[in-house]
Asker: 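Mind looking over this structure? Questions follow.
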Amino acid sequence: MNLEEIRALRRALHGCPEQSGRETRTRAMLMDFLRDRTELELRPCGAGFYAARREPEGAKPPIALRADYDALALLGGGAAHLCGHDGHAAALCGTILSLERERLDRDVFFLFQPAEETGAGAPGCLELFERERVARIYGAHNLPGYPLGQVFTRPGTFACGSRGVTLAFQGWPTHAAYPEHGLSPATAVGRLLGALPELARAERYSGMTLCTVVGAQLGERAFGTAAAQGEVWLTLRAERDGDLERLFADILGLAQELAGEYGLGFTHEVQDVFPATVNDPDCARLVLDRCGGRELPAPMRWSEDFGHYLRRCPGAFFGIGAGEGCPPLHTKDYQYPDELLEPAIEAFRQILLG
């Protein structure tokens with residue numbers, strides 16, 4: 001394997017960031033890279049693809065390794081690789097090339113997945129488990145703020161489950177001089193926002209549970225008209241899926257109750273759904289043992305759609321330190337460090353050769 005070639009691939013991917021669900025150039029670039037350098041079978045999988053390395057006399061259970069490749073959507077439009085998925089995809093390509101002369105004694109499926117940022121990518125790629133006899137699946141994410149190249153994971157929940165929720169209240173408008181002639185959702189929205197801290201109180205749940213108000217809108221900036229509609233936008237997050245379901249049910253129930261009390265119309269939407277990423281204990285210990293890993297004391301608060309795979313198949317997700325001075329994920333100064341590519345490739349190699 002030529003490590004400089006993998007660095008060049010990472011930089012090329014970094015230079016063509018595409019939003020979740022729109023990664024056509026990125027997908028083509030990765031497939032062309034593998035076609036030009038390997039003889040692996042490339043097959044579509046959801047909106048992504050996988051590269052299959054089949055061993056006719058494989059004695060060990062088949063394994064899948066996964067990398068994502070979408071970029072982060074920017075508020076002003078466009079996208080940027082501010083989460084390191086360019087590095088994840090390049091490292092998986094590097095792993096493939098590094099194993100060309102290795103005997104693996106098992107089938108290996110290298111899954112390249114789009115749309116992780118929105119949680120939409122993994123559900124579409126679950127067809128991998130219907131087509132292939134995958135016995136274990138592993139994936140990794142870079143971790144800014146942690147020692148460069150150091151592997152971290154834990155048995156049980158590695159990353160929290162989360163979902164976005166929109167709660168919409170509908171009344172009817174009136175002149176601002178005669179608010180009594182209309183129906184405003186202002187009081188219902190205010191009471192709902194005031195109740196959220198109690199609904200998310202830690203003592204009510206078995207693990208970390210969080211409700212974050214990401215935004216709210218009430219009426220319009222039109223001073224002659226009283227507010228007639230209101231929305232509250234929340235991100236719910238929990239270490240355990242059962243706690244997440246309970247928090248969601250309690251908030252939804254209160255919103256419906258308030259709407260009924262004030263005679264308001266009410267609808268809700270759920271988006272960006274991520275189940276908790278729950279590692280199989282044996283798979284997590286294999287990562288710790290083979291990669292010289294350190295056990296995390298608590299789950300990561302952020303979410304990963306890798307949790308969909310772990311509901312279908314035993315496996316483990318782990319982090320690799322991107323450097324203690326590396327800027328945080330999703331910030332304007334973040335970029336996947338090229339120095340991390342070699343440790344990431346080696347971690348995947350150790351899992352496959354173990």
Side-chain angles (χ1 to χ4, degrees), residues 48 50 62-70 83-85 87-89 91-92 95 108-123 125-126 128-129 134-146 149-162 207-208 237-241 244 272-322 329 336 340 343-352 354:
Y50 65 93
I63 283 181
L65 301 180
R66 173 271 210 170
D68 41 20
Y69 56 74
D70 56 323
C83 201
H85 297 182
H88 299 167
L92 192 58
T95 303
V108 182
F109 305 101
F110 302 92
L111 175 60
F112 292 84
Q113 180 210 300
E116 187 281 328
E117 293 289 355
T118 61
C125 291
L126 290 174
L128 173 68
F129 301 98
V134 177
R136 299 287 187 272
I137 186 166
Y138 295 88
H141 203 291
N142 69 98
L143 298 179
Y146 291 77
Q150 177 63 56
V151 168
F152 293 88
T153 194
R154 66 194 307 270
T157 302
F158 175 89
C160 289
S162 69
M208 194 288 294
R237 196 173 302 277
E239 176 181 349
R240 297 182 172 89
D241 287 331
L244 185 61
D272 290 14
V273 176
F274 295 82
T277 300
V278 183
N279 286 340
D280 175 82
D282 291 338
C283 295
R285 292 189 190 98
L286 182 145
V287 172
L288 292 169
D289 292 344
R290 293 290 304 172
C291 302
R294 298 181 190 173
E295 185 169 337
L296 290 168
M300 293 291 180
R301 283 194 177 187
W302 43 260
S303 301
E304 240 292 340
D305 72 355
F306 195 85
H308 288 286
Y309 301 130
L310 295 178
R311 286 182 165 185
R312 292 286 297 269
C313 175
F317 196 75
F318 59 96
I320 309 178
L329 299 173
Y336 186 101
L340 182 54
I345 292 168
E346 184 58 26
F348 277 142
R349 281 175 52 83
Q350 290 301 317
I351 289 169
L352 290 179

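Values reported hereafter were calculated over all heavy atoms of this structure, with side chains retained and with hydrogens, waters and symmetry mates removed. Since the model is a prediction, treat every value here as computed from it, not as a measurement.
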Asker: Start with the C-alpha gap between Tyr138 and Leu286, add the side-chain angles, then the distance that decides, and say whether side-chain contact (heavy atoms from CB on, under 4.5 Å) holds.
Answerer: CA-CA 11 Å; Tyr138 295 88; Leu286 182 145; 4.1 Å; yes

Asker: Give me the atom names and distance for the closest heavy-atom approach of Ala238 to Cys160.
Answerer: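 Looking at all heavy atoms of both residues, the shortest contact is O-CB, 3.2 Å.
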
Asker: Distance-only, no hydrogens or angles: does the Thr153 side chain make a donor-acceptor pair with backbone N or O of Phe317 under 3.5 Å?
Answerer: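 At least one qualifying donor-acceptor pair exists.
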
Asker: Heavy atoms only: give me the nearest Tyr336-Ala91 pair and the separation to one decimal.
Answerer: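 So the minimum-distance heavy-atom pair works out to OH-CB, 4.5 Å.
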
Asker: If every non-hydrogen atom of Glu117 is compared with every non-hydrogen atom of Asp70, which pair is closest and at what distance?
Answerer: N-OD2, 2.9 Å

Asker: If the condition is side chain to side chain contact (heavy atoms under 4.5 Å, CB included), which residues does Ala122 pass it with, not counting sequence neighbours?
Answerer: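 So Ala122 forms a side chain to side chain contact (heavy atoms under 4.5 Å, CB included) with Gln113, Asp305, His308, Tyr309.
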
Asker: Just so I know, are the side chains of Val108 and Phe348 near enough to count as touching, which here means a heavy-atom distance under 4.5 Å?
Answerer: no

Asker: Determine yes or no for a side-chain-to-main-chain donor-acceptor pair under 3.5 angstrom, with Gln150 supplying the side chain and Gly292 the backbone.
Answerer: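 Here the side-chain-to-backbone pair exists.
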
Asker: Might you point out which heavy atoms bring Ala140 and Ile320 nearest each other, and give the distance in Å?
Answerer: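 The answer is CB-CD1, 4.3 Å.
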
Asker: Starting at CG of Asp68, measure out to CZ of Phe112 and round the result to the nearest 0.5 Å.
Answerer: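 Atom-to-atom, Asp68:CG and Phe112:CZ are 11.0 Å apart.
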
Asker: If you draw a 6.0 Å radius around CZ in Arg312, do more than 12 non-hydrogen atoms from other residues or ligands fall strictly inside?
Answerer: yes

Asker: Go through the structure and list residues passing side chain to side chain contact (heavy atoms under 4.5 Å, CB included) with Ala67, not counting sequence neighbours.
Answerer: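 Side chain to side chain contact (heavy atoms under 4.5 Å, CB included) check on Ala67 returns His88, Leu92.
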
Asker: Could you tell me if the side chain of Ser162 sits less than 4.5 Å from the side chain of Arg301, heavy atoms only?
Answerer: no

Asker: Measure across Ala316 and Val287 and return the closest heavy-atom pair with its distance rounded to 0.1 Å.
Answerer: CB-CG2, 4.2 Å

Asker: Roughly how far, to the nearest 0.5 Å, is the CG atom of Asp280 from the CG atom of Leu310?
Answerer: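 Between atom CG of Leu310 and atom CG of Asp280 there are 8.5 Å.
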
Asker: Does atom CZ (Phe152) have a neighbourhood of more than 12 heavy atoms from anything else shown, all under 6.0 Å?
Answerer: yes

Asker: Which distance, rounded to the nearest 0.5 Å, do you find between the OG1 of Thr157 and the CE of Met208?
Answerer: 10.0 Å

Asker: Looking only at atom types and distance, does a side-chain atom of Arg290 sit under 3.5 Å from a main-chain N or O of Gln350, one as donor and one as acceptor?
Answerer: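 Checking the backbone N and O of Gln350 against the side chain of Arg290, a donor-acceptor pair under 3.5 Å is found.
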
Asker: If you take all heavy atoms of Pro275 and Gly307, which pair is closest and at what distance?
Answerer: CG-C, 3.7 Å

Asker: I'd like to know if the side chain of Asn142 reaches the main chain of His85, judged simply by a donor and an acceptor atom lying under 3.5 Å from each other, with no hydrogens or angles considered.
Answerer: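 No; zero donor-acceptor contacts below 3.5 Å.
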
Asker: Using the test salt bridge (Lys or Arg N to Asp or Glu O under 4.0 Å), find all partners of Asp282 that sit at least two apart in sequence or belong to another chain.
Answerer: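 Testing Asp282 for salt bridge (Lys or Arg N to Asp or Glu O under 4.0 Å), a comparison that skips the adjacent residues, returns Arg285.
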
Asker: Measuring from Leu296:CG to Leu288:CG, what's the distance to the nearest 0.5 Å?
Answerer: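 Output value for this atom pair is 8.5 Å.
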
Asker: Does a side-chain heavy-atom distance below 4.5 Å link Ile351 with Cys291?
Answerer: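 Ile351 reaches Cys291 side chain to side chain.
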
Asker: So, does Thr277 use its side chain to make a donor-acceptor pair with the main chain of Glu304 at under 3.5 Å?
Answerer: yes

Asker: Specify whether Trp302 and His141 have parallel, tilted or perpendicular ring planes, treating 30° as the upper limit for parallel and 60° as the lower limit for perpendicular.
Answerer: tilted

Asker: Measuring from Phe306:CZ to Asn279:CG, what's the distance to the nearest 0.5 Å?
Answerer: 8.0 Å

